[in-house]
Every structure is written in C-alpha cells, then in structure tokens.
Peer 1: 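This is the structure I want to talk about, given as structure tokens.
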Amino acid sequence: MRLLAGCMLLACQCQHAASQSITAADTLTRLEQSIEQGRFAEAEKPLLDYAVAHPQEVRSLYLLGQVRERQGRFEEAGALYRRVLALDPAHVRAKILLGQLMYAAGERDEARRMLNAVAQNPPAEPRVQLSLARALVLVGEYASALAGVERLPRALRNAEALPVAAASYLALGERRKLTALIPSMRRAAAVKPSVAAQCAAVLHDAGMLAEAVAVLRLALATAPNDARLLVASGRMETDAKDFARARAHLARALALDARSVDALAARAALEGAEGDFAAAFSSLNTARTLAPDSANILAQFVVAAMRAGRAQAAVEGAGALLKLQPDDAESLYLFGAASLQAGSLAAAQNALERYAKERPRDSRGCLALGIVLAGQHEQASAARAQFERCLQLDPANVEAKYQLSLVHKSQGDTQHAVQLLEEVTTSAPRHASALRDLGALYLQTGADRRARDVLTRAVALDPQDAETHFQLSRLYNRAGQSALAAEHLALFQKLKSRREKGTAQ
C-alpha cells in the first residue's frame, strides 16, 4: 500500500508539473501570436513579468527581445538576444535577429561573420531559412541569400521568398532574372498581399515603376483595407505622378488609422510633389508629434520645413535630429543646410565642415559649404576654392559653376563670371537665375542685344523673380522704351514688397 501510495503521489506531482508546463507554453504561444499581429502593448507586460519570474527561460527572453526590437528599443533587444545565446548558443533565430541589429548599429563585419556562420549550417525549418535569407540580403550577402532561397519548398519560393530573390538579382545586376520573377510576383500579390509591398519596393528600386504599381493594385483588389498596401501604393503613384490615385489611397489609409505615421509621411511626399509645401510641412509636423524619436520622420520634417520656408522650424528639427544621432553624417548635412537657410552662417559652417570631413567626395556637401563661405565677404577666396573643388569632384555640377560665377562677379572679375554663366546657361538652358545674372552682366558690359535675349528667357521661366524685372526695366530705359521700363519697375517694386512682407512673417 505504501508503495502504491508513493507511486500515486509521484504521478500526481508529475501531472501537476506537466500541467504547469503546458499552461506556460500556452501563455507564451498566445503572447507570440500577439507580437506577430503587432499588438505589442498587449504582450509587453505579461512577457516582462514572466521573464522576471523565469530568468532562465529562453523563449520568453527571445519574445521580449522581439517586442523591444519592434518598439525601436534596439539596445535592449540586442542585450536580450545576447542573453538568449548565453543560455542557448544554438538558438538560430536569436543569432539572425542579433546579426541584423549589429549590422544596423555599424558592427557590419561581425554581423556578416555571424550570419555566414549560420548559413554554413543552414537551419532545417523552412521559415527560419527564409528569415536567414532576408538577413543575408540586408547585410549584402546576396549569393548566400539566393542559395538559401533555392533550398526552400516551392510554396515559399514562389511567394514569401520572392522579394529576397528579386533584391538579390537586382544587387547582382541580373535584371533578366529579376524581370522573369514579375509573373510570379503578380500571382503571389493576388493571393498573398503581404508579399506585394516588398516585391513592389524592389521593382521600384529597379526603376520598374509601372510594374510595381501593377503588383500593388492586384494586392489591393484582394485586400482593399490593408493600410500598408495603401501607403505603398500612394508613395509609388506619387513617384509616377498619378496624384489623384495617390491621394485617394492615402486618404483611405488615414481613414483606417488617422495616427499612422507612415501614411502621414507618404501624404507629405504627395503634397510636396504637388508643390503644396505648407501642407507637406503640416503633415510631417503631425507625424513628428506622433513619433518624436523617429530619425526618419525628423529628417523628412527638416526637408519639408526648408521647402516651406520655415527656416527656424527646420533648424530646431535638425538640432533634434543631430541630438538623436550626433555622429550621423546626413544629420550634420541637414543641420548645416537648415542653418544656412536661416542665416546662421557660423553654425552652418561648423556642421558642413564636419560633414565634409566625413564625406570628402560628396559634391552636395561641398556645394553647401561653398555657399556658406560665399555668404561671408571675408571668405570669398575660400568660397572660390571650395566651388573649384566641387567642380573637380563633379565637372557637371551646374550649381557649383553658377555659384563660382557669383564669387567672380563679387570680386569684380566680370570676364570670368560671364564665361562661367554662359557655360551654365548652355548646359542648363532653363536655369532662370543664371540667365538673369548673365543678362545683368551683359548690360554692365554694354551687350544690350544679348541682355535682351537672356532676360526675356529668364522672365518667361520665372515671372515672379523681382530682380529679373529690375534688370528688364534698366534694359528698356536704355532702349528708350519708357512704358515697358515703367511696367517692369512697377512689377519689381510689387514683388520686392511681397517678398519683404513674407520674410518678416
């Protein structure tokens, strides 16, 4: 009897332990499903509580790492994945996700080594193989990614793996193979819309804009209320200048979720493409409020503010961006450009000189720094040297040549200024400012017939430029055409007054 009772007690204890294990597994499975569906807030606290109570439980730590990663808390996510690997060095999923995070954080060689080591002994589970292939594309190991795709079952290869194969073919220059995937993309888009946005992004990068839009429309026919597809369609239709469709798709996306940062940013891109810079600034201002720590949104906000003439807002946004990522070269450039527009030349020069050290062969930064130097009379020689350097980097840089002509003009070197402006207007015949300035120099040197030709072209291209009307007034006065001279002088005064009021506001 004692033996029987002991066996029964042991059996009960085992059953209780198994029951607890099943309950824990069910809980973690339910939380994993919440993460996959994007309900991070729902999963976060239970996972955190479970991980604190079970510090050696690998699965809960891994899932919490996924939550942190999708929340943008990358350092915490990386620390959790490292803890998982300390407990279980063979945890392939954690290696893949940690490799991606390391690559994004600049540890690129180590990330490649880690992911290539996983690829040498590929995981057996197809979906983990697919995750590995996606990570290999991210770190630029395209041949390894394609090899991984080839090992996948046909169903995955012809659906979810299509963006991986397409991106790899594009990067390897195998456009014919990329084009051959388009029929499969169209079929997959119609039955698996989640793949369509990724496929369309690769086609867009390949310059196949019409094909990208077609793939998205097939997907939208199946999933008309998929917000991600609506936003992707709006972006690509904006690039294709199909503004009416883009507006309709983005309106639907925002009706589904008025707080969608992606949809607001896409709408701002559309508004900017339509020339409504004030509206674009407003949309990105709202997006920034919703995602204050998003570097991507901040960068777009700065550009929109500059285009809308909101110089101080641009400087403030660029300062916030630089604080968020102080070592990022692009953030330095944006801060320098915004400071230049706001007239803060010392701040602009400091940022752009740092940018030039980071990217010494970037003609864009070279040009911006030259403009800053040119804005300071005592720096005219340095500005000229800077623009000459820009032209060494890129002899076709029309704007650098135009700015160099202005420096020569300011230093009284009219002959060189005219020569440079003639070259600019030959290579860029619609450069209204260059035509105007060339006309002014022709007037200065007595070449009135030439001045009439270029100033007439300049005013046709930009009738709202006050200075062009002033130069035309001078020209017509000299030609004895007093009525035309008075007309252009009146236009000059009106436009100048409007510009001064706008600057004051």
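Not measured: the values here are computed from a predicted model. By convention here, the first residue in the shown sequence is residue 1.
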Peer 1: Cut-off 3.5 Å, side chains only: do Gln493 and His469 have a donor facing an acceptor?
Peer 2: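 No.
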Peer 1: Is the closest side-chain donor-acceptor distance between Ser260 and Asp257 under 3.5 Å?
Peer 2: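 The answer is no; no qualifying pair exists.
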Peer 1: Considering residues, nucleotides and ligands other than Arg310, do more than 12 of their heavy atoms fall under 6.0 Å from its CZ?
Peer 2: no
Peer 1: List the steps, then state whether side chain to side chain contact (heavy atoms under 4.5 Å, CB included) holds for Leu420 with Tyr402.
Peer 2: CA-CA 7 Å; Leu420 289 165; Tyr402 169 62; over 6 Å; no
Peer 1: Please identify each residue that fulfils side chain to side chain donor-acceptor pair (under 3.5 Å) with Lys401, with sequence neighbours left out.
Peer 2: Glu423
Peer 1: Decide yes or no for Pro163 and Val195: does some side-chain heavy atom of the first lie under 4.5 Å from some side-chain heavy atom of the second?
Peer 2: yes
Peer 1: Please assess Glu274 against Arg247 for the test salt bridge (Lys or Arg N to Asp or Glu O under 4.0 Å), listing each intermediate value before the final yes or no.
Peer 2: CA-CA 11 Å; Glu274 292 181 307; Arg247 197 177 304 110; 2.2 Å; yes
Peer 1: Is a donor on one side and an acceptor on the other found under 3.5 Å between the side chain of Ser344 and the backbone of Leu340?
Peer 2: no
Peer 1: Is the shortest distance from a Lys or Arg side-chain nitrogen in Arg113 or Glu107 to a carboxylate oxygen in the other one below 4.0 Å?
Peer 2: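 No, Arg113 and Glu107 are not salt-bridged.
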Peer 1: Under the criterion side chain to side chain contact (heavy atoms under 4.5 Å, CB included), I'd like the reasoning laid out for Glu271 against Phe243: C-alpha separation, chi angles, the key distance, then a yes or no.
Peer 2: CA-CA 9 Å; Glu271 290 161 341; Phe243 297 147; over 6 Å; no
Peer 1: In plain terms, say whether Arg217 and Asp242 are close enough for a salt bridge, that is, a side-chain N and a carboxylate O under 4.0 Å apart.
Peer 2: yes
Peer 1: State, yes or no, whether a side-chain contact exists between Val418 and Thr414 at a heavy-atom distance under 4.5 Å.
Peer 2: yes
Peer 1: Is any NZ, NE, NH1 or NH2 atom of the basic residue among Arg68 and Glu75 found under 4.0 Å from an Asp or Glu carboxylate oxygen of the other?
Peer 2: no
Peer 1: Is there any side chain to side chain donor-acceptor pair (under 3.5 Å) pair reaching into residues 382-396, and which pairs are they, with sequence neighbours excluded?
Peer 2: Arg384-Gln411
Peer 1: To the closest 0.5 Å, what do you measure between CG (Leu181) and CD (Glu211)?
Peer 2: 13.0 Å
Peer 1: Looking at Glu358 and Arg354, is any side-chain nitrogen of the basic one under 4.0 Å from a carboxylate oxygen of the acidic one?
Peer 2: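 Salt bridge between Arg354 and Glu358, a charged N being under 4.0 Å from a carboxylate O: no.
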Peer 1: What I'd like to find out is whether the side chain of Tyr81 reaches to under 4.5 Å of the side chain of Leu101, using heavy atoms alone.
Peer 2: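 Counting from C-beta outward, Tyr81 and Leu101 do come under 4.5 Å.
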Peer 1: For the residue pair Phe492 and Ser473, establish whether any side-chain heavy-atom pair is separated by less than 4.5 Å.
Peer 2: no
Peer 1: Answer yes if the side chains of Gln419 and Gln415 hold a donor-acceptor pair under 3.5 Å, and no otherwise.
Peer 2: no
Peer 1: Under 4.0 Å between a side-chain nitrogen and a carboxylate oxygen: does that hold for Glu316 and Arg288?
Peer 2: yes
Peer 1: To the nearest 0.5 Å, what is the distance between SG on Cys366 and CG on Asn397?
Peer 2: 8.0 Å
Peer 1: Can you tell me how far NE2 of His431 sits from OG1 of Thr425, rounded to the nearest 0.5 angstrom?
Peer 2: 9.5 Å
Peer 1: Measuring only between side-chain heavy atoms, which start at C-beta, is Leu136 closer than 4.5 Å to Asn116?
Peer 2: yes
Peer 1: Has the side chain of Arg245 got a donor or acceptor atom that lies under 3.5 Å from a matching backbone atom of Glu237?
Peer 2: no
Peer 1: Is there a donor-acceptor pair closer than 3.5 Å between any side-chain N or O of Ser294 and the backbone N or O of Ala291?
Peer 2: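 No: the side chain of Ser294 does not pair with the backbone of Ala291.
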Peer 1: Hydrogens and angles aside, do Glu160 and Gln198 bring a side-chain donor and acceptor to less than 3.5 Å of each other?
Peer 2: no
Peer 1: Kindly compute the distance separating CD (Gln444) from CD (Gln471), expressed to the nearest 0.5 Å.
Peer 2: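 It is 9.5 Å, given to the nearest 0.5 Å.
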Peer 1: For atom CZ of Arg252, decide whether the heavy atoms of other residues, nucleotides or ligands shown that lie under 6.0 angstrom number more than 12.
Peer 2: yes
Peer 1: Where do Ala135 and Gln100 come nearest, in terms of heavy atoms and distance?
Peer 2: CB-OE1, 3.2 Å
Peer 1: Which heavy-atom pair separates Val202 from Ala167 by the least distance, and what is that distance?
Peer 2: CG1-N, 3.7 Å
Peer 1: Taking side chain as C-beta onward, heavy atoms only, is Ser168 less than 4.5 Å from Val137?
Peer 2: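 Yes, their side chains come closer than 4.5 Å.
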Peer 1: Which heavy atom in Ala342 sits nearest to a heavy atom in Gln312, and how many Å separate them?
Peer 2: CB-NE2, 3.8 Å
Peer 1: State the CZ-CG distance between Arg82 and Leu98, to the nearest 0.5 angstrom.
Peer 2: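 If we round to the nearest 0.5 Å, Arg82:CZ and Leu98:CG are 4.5 Å apart.
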Peer 1: Which heavy atom of Ala166 sits nearest a heavy atom of Met185, and at what distance?
Peer 2: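 That closest heavy-atom pairing would be CB-CE, 3.4 Å.
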Peer 1: Under a 4.0 Å N-O cut-off, is there an ion pair linking Lys409 with Asp413?
Peer 2: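 Salt bridge absent between Lys409 and Asp413.
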Peer 1: For the backbone of Ala278 and the side chain of Ser282, can you confirm whether one donor and one acceptor N or O come within less than 3.5 Å of each other?
Peer 2: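 Not at all, since once roles are kept as given, no pair shorter than 3.5 Å links the two residues.
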Peer 1: What heavy-atom pair brings Leu373 and Gln379 nearest, and what distance separates the two atoms?
Peer 2: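 Looking at all heavy atoms of both residues, the shortest contact is O-CB, 3.3 Å.
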Peer 1: Side chains of Thr468 and Arg436: do they bring a donor and an acceptor to under 3.5 Å?
Peer 2: no
Peer 1: Can you find a heavy atom in the side chain of Leu250 that is under 4.5 Å from one in the side chain of Leu230?
Peer 2: no
Peer 1: If you round to the nearest 0.5 Å, how far is CD of Gln300 from CG of Leu264?
Peer 2: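 Here the rounded value is 11.0 Å.
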Peer 1: For the pair Phe335 and Tyr355, evaluate ring pair (Phe, Tyr, Trp, His ring centres under 6.0 Å) and give the outcome as yes or no after the intermediate values.
Peer 2: CA-CA 10 Å; Phe335 184 77; Tyr355 178 81; over 10 Å; no
Peer 1: So, Arg112 and Asp109, do they make that salt bridge, N to O below 4.0 Å?
Peer 2: yes
Peer 1: So which atom in Ala133 and which in Ala145 form the shortest heavy-atom distance, rounded to 0.1 Å?
Peer 2: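 Of all heavy-atom pairs spanning Ala133 and Ala145, the closest is O-CB, 3.6 Å.
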Peer 1: Suppose we call two aromatic rings close when their centres sit under 6.0 Å apart. Are Phe470 and His488 close by that rule?
Peer 2: no
Peer 1: If you apply the rule side chain to side chain contact (heavy atoms under 4.5 Å, CB included), what do you find for Val303 with Leu334, and how did you get there?
Peer 2: CA-CA 8 Å; Val303 173; Leu334 286 174; 3.9 Å; yes
Peer 1: In terms of heavy-atom contacts, does CZ of Arg430 have more than 12 from other residues, nucleotides or ligands at under 6.0 Å?
Peer 2: no
Peer 1: Would you check if the distance from the ring center of Tyr169 to the ring center of Tyr142 is below 6.0 Å?
Peer 2: no
Peer 1: Looking only at atom types and distance, does a side-chain atom of Ser427 sit under 3.5 Å from a main-chain N or O of Val424, one as donor and one as acceptor?
Peer 2: yes
Peer 1: Does the ring of Tyr333 carry Arg364 above it, NZ/CZ under 6.0 angstrom from centre and within 45° of its axis?
Peer 2: yes
Peer 1: Should Leu441 and Asp437 be marked as a side chain to side chain contact (heavy atoms under 4.5 Å, CB included) after you check the CA-CA gap, both sets of side-chain angles, and the distance that decides it?
Peer 2: CA-CA 6 Å; Leu441 286 176; Asp437 293 332; 5.8 Å; no
Peer 1: For the side chain of Ser497 and the backbone of Lys494, is there at least one donor-acceptor N/O pair under 3.5 Å apart?
Peer 2: no
Peer 1: Answer yes or no: is there a side-chain heavy-atom contact under 4.5 Å between Arg93 and His91?
Peer 2: yes
Peer 1: Do you know which of Leu455, Leu491, Leu489, Leu443 makes side chain to side chain contact (heavy atoms under 4.5 Å, CB included) with Leu472?
Peer 2: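 The residue from Leu455, Leu491, Leu489, Leu443 that satisfies side chain to side chain contact (heavy atoms under 4.5 Å, CB included) with Leu472 turns out to be Leu455.
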